[in-house]
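Hydrogens, waters and symmetry mates play no part in the numbers below; they use all other heavy atoms, side chains included. Quick note on labels: first sequence line is chain A, next is B, and so on, each numbered from 1.
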2 protein chains.
Amino acid sequence: MRLESTLNEPTRPDQQPRTPSPRPGGRSARVRADVVAATLAEVAEKGYDGLTAEAVAARSGVHKATLYRRWGGIDGLVADALTASADQPWPLPDTGDLQEDLRRITQEVFSVFTDPEQSPTPTALISAAQRSDAGAAALRDFFTARHHQAAEVAERAVTRGELPAGTDGAEVIRAATAPLYYRLFVTGEALDARTAERAADAAALAARAGLFASIPTDPEPDTAPNTPDQ
Amino acid sequence: MRLESTLNEPTRPDQQPRTPSPRPGGRSARVRADVVAATLAEVAEKGYDGLTAEAVAARSGVHKATLYRRWGGIDGLVADALTASADQPWPLPDTGDLQEDLRRITQEVFSVFTDPEQSPTPTALISAAQRSDAGAAALRDFFTARHHQAAEVAERAVTRGELPAGTDGAEVIRAATAPLYYRLFVTGEALDARTAERAADAAALAARAGLFASIPTDPEPDTAPNTPDQ
DNA sequence: ATCGTAATGCGACTGAAGTCGCATTACGAG
DNA sequence: CTCGTAATGCGACTTCAGTCGCATTACGAT
């Protein structure tokens, strides 16, 4: 999961014309790229409470007042950085088996947020995003995009006949990854590879049982059929 | 899930002698109670970024400098408020059926965080806790305590023969509640009753399949062998 | 009742976040 | 090339979070 911005290099002019400014190809774009890059670098280094408008201004070479004018504050900087990351394409596994695909996805999440090299930026970014409405909205969009992309894994499983028709693919993804994010961003508990695997397996199991189908195949998936009692 | 402090009423002297101060029964205790109560009230009213040391000082009648001396800042206030909530006993369902117990638990979480009357305090408290090391530690302790308490639901199921021996009860609870917290505190998506129910059902299903047993009953609950490659 | 000590009250001080008005620069159109 | 305009640079100013030294109060022990 890449949260780095597309705009790291000032030489890419109009990748993200979200604010259709009258000067999309010139200095404004350069400024935006520099600022987003500086924001990501700062947030990775100092964490989200160490994130300062002055530091971003100093690092990017853009005046502090400009930051406040264009982004309205730290919140906007974070939101913009997140938005820039949202439409990043994302390599999806396609092993032909839902459980294995989900395992790879949760494994990927695990890797990113466990690797001290990669984790700081996305971790700080997600934490920072929760602090403002703008950030929260950007974060919601970000995850919506991710869920939508990753849902393909489940949709392929439906096509294969592995999952019941009408299965909500995004919901399968949420089920698989939620336990990881829950530990990372709510309880603060440690994360291990086995947890990642179990989460994927549990999601695959529930999906196969039809729990994520719009009209559940079997509303009460326990009781009679499979009661693996001991 | 009650996150309110035990120390709302200044007339309870030594309920929480965490800091074994030389004067546990006197003014210090009163001050702490007032401050914790004021913190909860403030955080509920103004959210976690509206939480100000000065406001807490004003509301509690305690000087600002005292707050910084005893609690070290907003972080400490939040952490203390959380700590005070951690050992609150918590009514557990006991319906004789794991799935139903889990449903009631997730339903309870859903209710608390959906009800505009109850949600502000715990929501803001959890968000605020993630902003500092002290808060994060207190939050971890809080959830550890909650998981441990709620694990009884799974342990009873083991006793009943409903779940395989060696099942990690806390893990079952985490699996059941994670999707809710994931939406509430990570993605910011809306939460509905059906999601709560599905999460409980999925957790029950996975638990019955032995996914949360220390030595999984059936490590690969689907397909025959596991050939990770295609 | 008295005294020593710790905790609190108090107000001034520091530093940084965020704002404002104005000067300057750079883009884009003609 | 020239000009109009929008964006940025600039520095001072306001505001508030957080700190410090000292005076005062209240607790607990003798």
Going by an N to O cut-off under 4.0 Å, is there a salt bridge joining B:Glu100 and B:Arg104? yes
Please report, rounded to the nearest Å, how far the C1' atom of D:dC13 is from the NZ atom of A:Lys64. 11 Å
Separation of D:dA17 atom P from B:Arg131 atom CZ, nearest Å, is 12 Å
Find the distance A:Leu67:CG to D:dA7:C1' and express it as a whole number of Å. 13 Å
Please state whether the phosphate of D:dA17, meaning OP1 or OP2, lies under 4.0 angstrom from any side-chain nitrogen or oxygen of B:Thr52. yes
Whole angstrom is fine here: how far is it from CZ in B:Arg32 over to C1' in C:dT8? 17 Å
Have a look at A:Gly72 and say if it touches a base, only the backbone sugar-phosphate, or nothing, with a 4.0 Å heavy-atom cut-off. nothing
If an axis is fit to five pairs at each end of the helix from C:dA1-D:dT30 to C:dG30-D:dC1, what is the angle between the two, to the nearest 10°? 30°
Whole-Å distance separating the CD atom of A:Glu54 from the P atom of D:dA12: 14 Å
Looking at B:Arg156 and B:Glu152, does any basic side-chain N land under 4.0 Å from a carboxylate oxygen? yes
From NE2 of B:His63 across to P of C:dA12 the rounded distance in Å is 11 Å
Is the closest basic N to carboxylate O distance between B:Asp80 and B:Arg70 below 4.0 Å? no
Expressed as a whole number of angstroms, how long is the span from B:Trp71:CH2 to D:dT19:P? 15 Å
Between A:Glu171 and A:Arg174, is the closest basic N to carboxylate O distance under 4.0 Å? yes
Counting heavy atoms not belonging to A:Asp115, are there more than 12 under 6.0 Å from its CG? yes
Side-chain touch B:Leu51/B:Val78, heavy atoms, less than 4.5 angstrom: yes
Counting only side-chain N and O atoms of B:Arg70, is one of them less than 4.0 Å from OP1 or OP2 of C:dA7? no
Name the one of A:Tyr181, A:Tyr182, A:Phe185 that satisfies ring pair (Phe, Tyr, Trp, His ring centres under 6.0 Å) with B:Tyr181? A:Tyr182
For B:Tyr68 and D:dT19, is the shortest distance between a side-chain N/O and OP1 or OP2 below 4.0 Å? no
Tell whether B:Arg69 reaches the base of D:dG18 with its side chain through a donor-acceptor pair below 3.5 angstrom. no
